[in-house]
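Written below as structure tokens is the structure these notes are about.
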Protein chains: 2
Amino acid sequence: MPKETFYNLPEEKRKKIEDAAIQEFKDYSFDTSSINRIVESSGISKGSFYQYFDDKKDLYKHIISIIVEKKIKYMSPVMMNPFNHNFYTLMREIYKSGLSFAMENPQLLEIGNKLIADTTHPIYIEIIDDNKGKSDEMFELLLKNAMERGEIRENLDLKMISYILSSLNLSIVDYYTKLTNKREYNEEMMVVVEKFLDFVQYGISKIEGDGSND
Amino acid sequence: MPKETFYNLPEEKRKKIEDAAIQEFKDYSFDTSSINRIVESSGISKGSFYQYFDDKKDLYKHIISIIVEKKIKYMSPVMMNPFNHNFYTLMREIYKSGLSFAMENPQLLEIGNKLIADTTHPIYIEIIDDNKGKSDEMFELLLKNAMERGEIRENLDLKMISYILSSLNLSIVDYYTKLTNKREYNEEMMVVVEKFLDFVQYGISKIEGDGSND
DNA sequence: ATATCTTATGACTATAGAGTCATATGACTA
DNA sequence: TAGTCATATGACTCTATAGTCATAAGATAT
């Protein structure tokens with residue numbers, strides 16, 4: 001956690017430091033990022049930096065918490081009352097909010113991607129231990145509910161499916177990012193979401209499935 | 001490319017250097033890996049290293065090429081005559097060979113994962129430009145063939161599906177790695193492959209699909 | 001034995017990083 | 001005006017890195 005001195009700073013100065021850090025962590029991994037560069041680009045002295053933060057890790061975690069907070073803001077309308085909706089409707093909203101966040105916060109997305117990239121890195125382990133297995137567990141809960149309602153087949157390994165769904169959650173962002181350079185909600189985005197959901201629902205086999213949903 | 005002096009080295013010494021490098025690149029990313037540590041653990045002098053390799057990148061690329069070569073050895077029996085088989089049979093073999101490689105070469109897997117982790121890293125771009133888009137394109141070709149044979153639905157976006165399939169190819173390894181600590185071919189592995197394929201074929205929707213295949 | 005060519009060496013250079021600390025600034029208080 | 005406290009500073013220490021180079025060792029040929 002940043003020290004009190006950091007929060008005593010005028011908003012503007014604080015923002016400038018955070019922005020410099022975001023820029024740095026977007027361009028460099030935790031290990032290769034440089035506090036020297038950050039203090040330079042934010043116009044503060046080295047000594048000041050260590051009045052605000054314990055060390056590099058402290059700053060990094062602060063930035064990650066900003067990202068998590070913002071991401072949650074995108075999700076929360078969707079997750080208001082998750083069990084009142086059809087599972088596929090919910091999935092559509094989740095994928096949509098994930099894509100929106102990604103499109104509108106490319107820098108934060110990049111930082112997040114860099115973090116989850118190396119799951120063996122101590123910093124990953126430390127941060128994930130804080131925000132314990134969120135995504136997977138959420139999907140598993142929703143799936144359990146959907147199974148009870150008969151919205152999905154019974155012979156499914158829910159742990160595995162939830163793993164797949166949360167991994168597809170990353171894939172869709174990655175796929176769409178490479179496909180387009182739009183930066184806000186648009187129709188094209190929804191087309192991709194629909195196609196992903198169609199795949200999740202019906203697979204690719206010929207036997208059944210017409211792409212309709214809800 | 002390593003210099004001639006490297007290839008003139010006795011097999012044993014060469015192996016020792018490669019092993020030390022593999023160990024290092026397993027534990028550290030390209031940026032954080034250290035030639036100092038590599039020369040120390042392989043028992044050669046700093047000067048010698050630069051008689052064998054231009055620089056760190058040269059060594060790294062050499063190790064990556066070893067990985068690619070080995071990976072291809074696992075794949076090649078599967079890909080002997082890819083168009084003579086049912087698409088799902090082929091997918092099963094591809095996923096199986098991917099899992100086998102991962103299980104039997106955990107160190108190499110780790111290095112590969114670290115590489116594909118950060119797609120914005122210059123070293124990634126440079127290496128991928130060499131081995132140009134292999135995986136995605138292969139899946140797309142197989143899918144096109146499968147569609148012509150009527151093994152998959154017609155209303156599919158093949159570019160997207162091939163993206164998903166190659167991304168699931170990574171997911172299955174990741175999932176199984178976290179699930180077990182077995183290190184060779186076994187039944188449990190096949191169960192996971194079958195479940196993944198079942199998902200790919202029929203999705204999770206109730207309407208159809210019983211998990212049978214071929 | 002001498003000359004030539006290849007390989008081996010590790011001290012050294014130059015660069016960059018994280019983190020420290022004595023000192024300075026400035027604002028607010030008595 | 002003098003005193004107190006929070007904040008700001010950047011030169012400095014220590015550590016580690018990649019890459020170089022003059023020198024040595026060894027092997028092979030003449």
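Below, chain A is the first sequence line, B the second, and so on; all start at residue 1. Just so it is clear, the values below take in all heavy atoms, side chains as well, and ignore hydrogens, waters and symmetry mates.
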Apply ring-ring contact (aromatic ring centres under 6.0 Å, His included) to the pair Phe87(A) and Phe139(A), showing each step before the final yes or no. CA-CA 10 Å; Phe87(A) 177 74; Phe139(A) 280 123; 7.9 Å; no
Test Leu108(A) against Phe101(A) for side-chain contact (heavy atoms from CB on, under 4.5 Å), laying out the working first. CA-CA 9 Å; Leu108(A) 305 188; Phe101(A) 172 79; 4.1 Å; yes
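Both distances falling under 3.5 Å, in either a Watson-Crick or a G-U wobble arrangement, place dA30(C) opposite dT1(D). dT20(C) and dA11(D) make up a base pair, with Watson-Crick or G-U wobble contacts both under 3.5 Å.
Salt bridge absent: Glu148(B) and Lys144(B) never bring a charged side-chain N and a carboxylate O closer than 4.0 Å. At a threshold of 4.0 Å, the pair Arg14(B)-Glu11(B) counts as salt-bridged, since one of the basic side-chain nitrogens sits closer than that to a carboxylate oxygen. Salt-bridge formation is not detected for the pair Glu12(B)/Lys16(B): no Lys NZ or Arg NE/NH1/NH2 atom is positioned less than 4.0 Å from an Asp or Glu carboxylate oxygen.
Using a 4.0 Å cutoff on non-hydrogen atoms, no part of residues 17-40 of chain B comes near DNA chain C.
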What's touching nucleotides 5-8 of chain C from the protein side, N or O pairs under 3.5 Å?
residue: dT7(C); atom: OP1; partner: Asn8(B); partner atom: ND2; Å: 2.9
residue: dA8(C); atom: OP1; partner: Lys13(B); partner atom: NZ; Å: 2.7
residue: dA8(C); atom: OP1; partner: Tyr52(B); partner atom: OH; Å: 3.4
residue: dA8(C); atom: OP2; partner: Tyr52(B); partner atom: OH; Å: 2.6
residue: dA8(C); atom: N7; partner: Gln51(B); partner atom: NE2; Å: 2.7

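Checked against the 6.0 Å centroid criterion, the rings of Phe49(B) and Phe6(B) do not qualify as a close aromatic pair.
Positionally, the nearest nucleotide of DNA chain D for Phe49(A) lies more toward the 5' end than for the other of Phe49(A) and Tyr50(B).
Ring-plane geometry between Tyr175(B) and Phe196(B) is classed as tilted, the angle between the planes lying from 30 to 60 degrees on a 0 to 90 degree scale.
A 4.0 Å heavy-atom criterion places the boundary nucleotides of DNA chain D facing chain A at dT7(D) to dG10(D), written 5' to 3'.
Residues Ile116(A) and Leu170(A) meet the side-chain proximity criterion, which asks for heavy atoms closer than 4.5 Å.
Looking only at distances, a side-chain donor or acceptor of Tyr88(B) sits under 3.5 Å from a matching main-chain atom of Glu151(B).
Rounded to whole Å, atom P of dT15(C) lies 18 Å from atom NZ of Lys56(B).
The two residues Val173(A) and Ala102(A) make their nearest non-hydrogen contact at CG1-CB, 3.5 Å.
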